[in-house]
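What follows is a set of notes on a single structure, which appears directly below.
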Amino acid sequence: MTETSELTMLQSINEALHGEMARDERVVLLGEDIGHVGGVFRATEGLFEKFGETRVVDTPLAEGAIVGSAVGLAMAGLVPVAEIQFLGFSYQAMHQLAGQVARLRYRSQGRFEPAITIRAPFGGGVRTPELHSDSLEGQLANIPGLKVVAPATAADAKGLLAASIRDPDPVIFLEPLRGYRGIRGDVPDGDHVVPLGSARLARTGDDLVIVAWSYQVELACKVADALTAEGLSIAVLDLRSLVPLDLEAISAVVDRCGRAVVVEEAAQTGGFAGEVVATIVEECFWSLEAPVVRVSGFDVPYPVGMLEDTYVPDEKRIAAAVRQTLASA
Amino acid sequence: MTETSELTMLQSINEALHGEMARDERVVLLGEDIGHVGGVFRATEGLFEKFGETRVVDTPLAEGAIVGSAVGLAMAGLVPVAEIQFLGFSYQAMHQLAGQVARLRYRSQGRFEPAITIRAPFGGGVRTPELHSDSLEGQLANIPGLKVVAPATAADAKGLLAASIRDPDPVIFLEPLRGYRGIRGDVPDGDHVVPLGSARLARTGDDLVIVAWSYQVELACKVADALTAEGLSIAVLDLRSLVPLDLEAISAVVDRCGRAVVVEEAAQTGGFAGEVVATIVEECFWSLEAPVVRVSGFDVPYPVGMLEDTYVPDEKRIAAAVRQTLASA
Amino acid sequence: MARPTETQLRDILVDMVEARAQGGRLWNLQRQGQVGTVAPVDGHEAVVAATAHALDPLHDWIFPQYREPLALQRFGPEVLEQYMLYNVGHPDGSRLPPSVRVAPIAISLATQIPHAVGLAWGMTLQNEPGVVTVFFGDGSSSEGDFHEAANLAGVLRAPAILLCVNNQWAISTPLHQQTAAKTLADRATGYGIPGVRIDGNDAAEVYDAVDQARQRALHGDGPTLIEAVVYRLGAHTTADDPTRYIPAEELEAAQRDDPITRLATHLASKGLWDDELRTTTEAEALARIDKAFERAITQPLAPDAVFDHCFTSDTPRMARQRNALLEATTATGAAESGVSQ
Amino acid sequence: MARPTETQLRDILVDMVEARAQGGRLWNLQRQGQVGTVAPVDGHEAVVAATAHALDPLHDWIFPQYREPLALQRFGPEVLEQYMLYNVGHPDGSRLPPSVRVAPIAISLATQIPHAVGLAWGMTLQNEPGVVTVFFGDGSSSEGDFHEAANLAGVLRAPAILLCVNNQWAISTPLHQQTAAKTLADRATGYGIPGVRIDGNDAAEVYDAVDQARQRALHGDGPTLIEAVVYRLGAHTTADDPTRYIPAEELEAAQRDDPITRLATHLASKGLWDDELRTTTEAEALARIDKAFERAITQPLAPDAVFDHCFTSDTPRMARQRNALLEATTATGAAESGVSQ
Ligand SMILES: Cc1ncc(C[n+]2csc(CCOP(=O)(O)OP(=O)(O)O)c2C)c(N)n1
Ligand SMILES: Cc1ncc(C[n+]2csc(CCOP(=O)(O)OP(=O)(O)O)c2C)c(N)n1
Ligand SMILES: [Mg+2]
Ligand SMILES: [Mg+2]
């Protein structure tokens, strides 16, 4: 049995970075304020002191240059792990991320290996200013050549980050702001790797499955637990990685339950929940006993603090969707 | 009866720009190479000569500044119509488009009116270099506060562009590269406005509906016509605008047909076809007689010339999906 | 050359002292959990207030970065009121009345620079007199948007003042890691525009530089890049602990050059300032911010306000979302649809 | 100061003449519909070939924009072969063997500049000797990526040469609409790096400037911005008609300063060049490009090549897409599944 420690998600991310930097000298960290202060959330705490200023680099304030220079670092044979201070500011680097990082291998037909990981906090619930909370995973998942990973537990944060850094393909690694300190759990000590592309059945159940990722898994599990207490049997599937998407896990659980609710925090139109619904329809249409319902953010920009609780899907909205789907026949 | 002229889509776009600039002095055009040479595809031909260098402005080569300065122009009370030379280069401006253009009204709670239209050619089939053919509408549709319009006919190109420019909300107007000279048709002379947000039933039919937008409507209609000759009854719904999405038109035709195929050129995962499928499931689940099938580009970057015909959905792939869906029971 | 009069300097100092006092109150409100993250104005007071006084609020525009609002009151008392709404997280927090020529905070750094250039350009197209001043930090000057906008402004000869407040830090990143450039004003040559470097702690020098840039812009001679050198005397924001990275001696040295002390000493030597004036100024400022705070937390908010002003009218999907929200809000018991616990 | 020897200059001229000749052939192939859009090298030959000769192909890297490949043959004959695959639209068109230190064309303008800076930085981290030279145009210098990368290079003292080929045009946009800057080299000061402006039609001057920048970089003194002033003698691309916007007299004046004529005249005066040499050089160049073209159009292509090298291995969805494609390809009659017409 592996030893574990109880950590917050933030601590487990920090542990993964420590482990990967120690394991592979090619790993270099770059980003705004990641060195001296250890990141605005302290995700990179202690790394500058331990690995020095050549491997943990405070860059100028320019996301395009952070992501763009990571391409060059990768061409030099290094394994860059870049931090974007908040995912909303990845828009400043989208030309490098979508147009360059995601295509380097394809363009060069395998000559260059973009073993690049880009970490960014995202998601709401903590009263940030505009653009600090935006959930862009739907947009990111439509960028071919980019893997999109979004852990929901402390243990997965460590294991999936390690896997992302070791992956020779580029990965955008999404860290839930609310989860940094709000999610904690037992995390295996030492080397811990969770392969990309496999979903996790967070709750078993037969009546309906809630499909979610990142912080929404936390909410989905609470809803499932509450409804289990009422005698219902609700499964929760934590996708963990949106690209690659675990088609088998989705179809297995939906085939069993026949009913599904998909939860996301992003604006609904064009969000990734739509992709999940389409996938379910393709894979499991004949098992479906009711329409698949999406619980999403509204079709408005992520709003200011006073409107946040209205906007962000909560347990109440998820539970209502579950009941509605169960009632539907 | 209104007089019409037979025009290519390119000519009809040019006509719309002429009309709107003549109609409203606040309309100004900006972009790379749109003035002296009239745009790399000649979409803005003749406008520089007619309206002068203060209203048709060749900007420096900087998409961020084009879209970003359009925000300021709109704040000054003007109606900027910006051209991005190829949609793939809108990534350079994504921070301005998604983070600023789309939020100006919301942020200022209506004080500022981002009456901005951004035109860009997109889509494949003409052997362009990388990033010139990319279909990003799925990503754009997930940006709240932005309208996404994609005409499929010459007449609609004129009418929807006029409506986009007149619309006080920001619109990204997508012009199919293949359609510039490849699509032609009768276009009403003079003022012609097609309201945003209403889909068009391009073909009526009862057995199955093909939902598409932009150039794919052309292909869908050819498939529908060919299959009609075989005795099938295939409808084609041209969405025309992805945001706002015409929910009523979708549910009306899917409820009637019970079977649907959705066509897009973008990579499948996270593409807008997924959104259409999810919408159909939400609106019409109980009418569905078969799973809704997507015909999409593959989950790879838009490829080089020799691989283009393999990648881009064609009549054969659409027809196969239609037959498969009709056979499914 | 237009050195401000001593009276103007006193007005500027009043604004500076008020901003500092109100900033302190705001900091406390944040610590009490009453408002969100706050970025202190400390050290920026002279450059912001003197700039505002060198401009014409009836015709000129200001684009703030985010530290500026409390020192912008010359542009209208509404700036403070709106800023308090902003701090409490009310959607009206970025809406000023049409008469107040201050743009909303853009959040995403440097994105406001092309906006400002576009507005300046648009004003010339509309034959409106006036110049547009945009504030941005040393850190923000590394963003591509700065470059693209400065270059565009040069080509268009837009009546804009690009005002870079170099406070030596971008959160924890010191200037020498931000750029190897000796001065940020040096960048102006690369855009074919004048660049000036000024002491941003000297209100008179700021006033003069902004006034000159403004005259130049109004005469059709295009934009100016001003680098105002100051020192960030406070934390980056309420979420930051600068003792982790700012050497104590460096901060102390900067504090000895506090822009408020400097101007106060000067004006006191002219008999135009004293402790009593400072005390009453501060008291009034605090009364005003307290009132603004009270107003902010009692500002009405519709249950479906989250949908307002996204578009001119709701899309069909938004209309459904709005209805669903209203239904859920009016449904009295949550028990029916929610989790029972 | 390292003026190239006359023999080196002759080698450079050979490359220049070959590039021009092959460019002509490529233009014709495009006109015959055999290859895609082509961006002619005309007018850029000296700056590209002399740069390649001033660098060390075993240790130094080149990031082209898109006009350069034909003049880069000093970096390996594979460059031509690969470029022909690129022109016919074969996926291998951007794959060079590991020994050839030339990066693929990035298409999206200026995005290659941060790549180059990152690679230069990475080489220092790995203690690899060598410098990275990145080509970009006057138009591309307006992009934010140029600014962000140049600034980063300055801070990191990366061993990079930022080589701006100012050919006076970006498609139809003349330099004075691109920027109000008097020179693009002027921008260097704003990044704290040296900036030099050279006559890009003078191969010796180019060689010298690149050599100096290279030495500086190798000695740990960081990057250099070089502005090489040339004139675009051809169309922007095969899709462009420059007579619509380039005044005939201006082009004629530029043609009188053709870099090939200039160097040929110089070397002829030294007895190192004559028409016969030119004729045989051209003939050999054409033979080589024709061979490369034949190879390119006969290069094998798997039916499912569209999926290769997107990721190291297919995602489950891609695997299905690949299978479906292979099934559709192997299904002999399309009649069954396709449209009958
Ligand atoms: C595009 C973008 N990247 C990152 C951030 C996060 N951030 C907020 S303030 C800041 C530092 C800004 O420094 P500077 O421009 O010098 O202004 P100062 O805070 O010193 O006044 C950073 C990195 C942001 N808001 N926008
Ligand atoms: C980001 C981006 N925007 C626009 C284009 C379209 N485009 C291709 S070449 C070109 C002009 C480039 O001019 P310059 O950099 O001066 O190079 P030159 O062609 O003169 O060698 C443009 C606008 C592009 N490829 N990438
Ligand atoms: Mg600063
Ligand atoms: Mg050029």
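Keep in mind it's a predicted model, so treat the numbers as computed, not measured. Chain letters run A, B, ... following the sequence lines, proteins first and then strands; every chain starts at 1. What you see below is based on every heavy atom in this structure, not just the backbone, and it leaves out hydrogens, waters and symmetry mates.
- Between D:Arg95 and A:Arg107, every side-chain heavy-atom pair lies at or beyond the 4.5 Å cut-off.
- Comparing A:Arg26, A:His95, A:Gln100 by heavy-atom pairs within less than 4.5 Å of chain D, the highest count is held by A:Gln100.
- Comparing A:Pro144, A:Pro114, A:Pro80, A:Ala62 by how many heavy-atom pairs each has under 4.5 Å with chain D, the most go to A:Ala62.
- The environment of A:Glu25 atom CD is sparse: at most 12 non-hydrogen atoms of other residues, nucleotides or ligands sit within 6.0 angstrom.
- Options A:Gly99, A:Ala74, A:Gly145 differ in how many heavy-atom pairs under 4.5 Å they form with chain D, and the most are formed by A:Gly145.
- In terms of heavy-atom proximity, A:Ala65 sits nearest to D:Glu148 at N-OE1, 2.8 Å.
- Between chain D and the residues A:Leu196, A:Asp169, A:Val71, A:Thr54, the largest count of heavy-atom pairs under 4.5 Å involves A:Asp169.
- Atom-to-atom distance recorded for D:His115:NE2 and A:Met75:CE is 8.0 Å, nearest 0.5 angstrom.
- Of the listed residues (A:Glu275, A:Gln92, A:Arg55), the one with the most heavy-atom contacts under 4.5 Å to chain D is A:Glu275.
- In terms of heavy-atom proximity, A:Arg105 sits nearest to D:Phe311 at CD-C, 3.9 Å.
- Contact annotation for D:Val134: neither backbone nor side-chain heavy atoms come within less than 4.5 Å of a heavy atom of chain A.
- Using a 4.5 Å cut-off between heavy atoms, A:Leu61 does not touch chain D at all.
- Counting all heavy atoms, side chain and backbone alike, D:Arg317 lies closest to A:Thr279 at NH2-OG1, 2.8 Å.
- Interface remark: D:Asp145 contributes side-chain atoms only to the contact with chain A (heavy atom separation under 4.5 Å).
- For the options A:Leu146, A:Asp167, A:Val243, heavy-atom pairs under 4.5 Å to chain D are most numerous at A:Leu146.
- Taking 4.0 Å as the cut-off between side-chain N and carboxylate O, D:Arg320 and A:Glu282 do not count as a salt-bridged pair.
- Between the OG1 atom in D:Thr315 and the CG atom in A:Leu245 there is a gap of 8.5 Å [rounded to 0.5 Å].
- A donor-acceptor pair under 3.5 Å links the side-chain atoms of D:Gln126 to the main chain of A:Ala76, judged by distance alone.
- Between D:Thr111 and A:Gln96, the shortest heavy-atom contact is O-NE2, 3.1 Å.
- Neither the backbone nor the side chain of D:Ala116 comes within contact range of chain A, judged by heavy atoms closer than 4.5 Å.
- Contact tally against chain A (heavy-atom pairs below 4.5 Å) for D:Pro91, D:Ser108, D:Ala305: the top residue is D:Pro91.
- Across all their heavy atoms, D:Trp121 and A:Leu73 have their closest contact at CZ3-CD1, 3.7 Å.
- When each of D:Gly93, D:Gly144, D:Ala120, D:Pro97 is scored by its heavy-atom pairs under 4.5 Å with chain A, the top score falls to D:Pro97.
- Between the SG atom in D:Cys310 and the CD atom in A:Gln109 there is a gap of 10.0 Å [rounded to 0.5 Å].
- For a residue to count as touching a neighbouring chain, one of its non-hydrogen atoms must lie under 4.5 Å from one of that chain's; by this rule D:Ile107 does not touch chain A.
- With contacts defined as side-chain heavy-atom distances shorter than 4.5 Å, the pair A:Ser108/D:Ser94 does not qualify.
- Taking both residues in full, the closest heavy atoms of A:Pro60 and D:Asn151 are given as CB-ND2, 3.8 Å, listed atom of the first, atom of the second, then distance.
- Among D:Val155, D:Leu156, D:Asp314, D:Leu125, the residue with the largest count of heavy-atom pairs under 4.5 Å with chain A is D:Leu125.
- Only the backbone of A:Glu63 comes within contact range of chain D, with at least one heavy atom under 4.5 Å from a heavy atom of that chain.
- With a 4.5 angstrom heavy-atom cutoff, A:Glu53 does not touch chain D via any of its atoms.
- For the atom pair D:Thr312 OG1 and A:Lys147 NZ, the distance stands at 4.5 Å (nearest 0.5 Å).
- Remark: the backbone N or O of D:Val306 is paired with a side-chain donor or acceptor of A:Tyr106 at under 3.5 angstrom.
- Residue A:Val67: no heavy atom, backbone or side chain, is found under 4.5 Å from chain D.
- No more than 12 heavy atoms of other residues, nucleotides or ligands sit less than 6.0 Å from atom NE2 of A:His36.
- If you take CG on A:Leu30 and CG on D:Leu152, they are separated by 8.5 Å, rounding to the nearest 0.5 Å.
- In terms of heavy-atom pairs under 4.5 angstrom with chain A, the leader among D:Leu96, D:Asp92, D:Ile113, D:Ile105 is D:Leu96.
- Note: D:Pro98 leads D:Pro98, D:Ala158, D:Ala153 in heavy-atom pairs under 4.5 Å with chain A.
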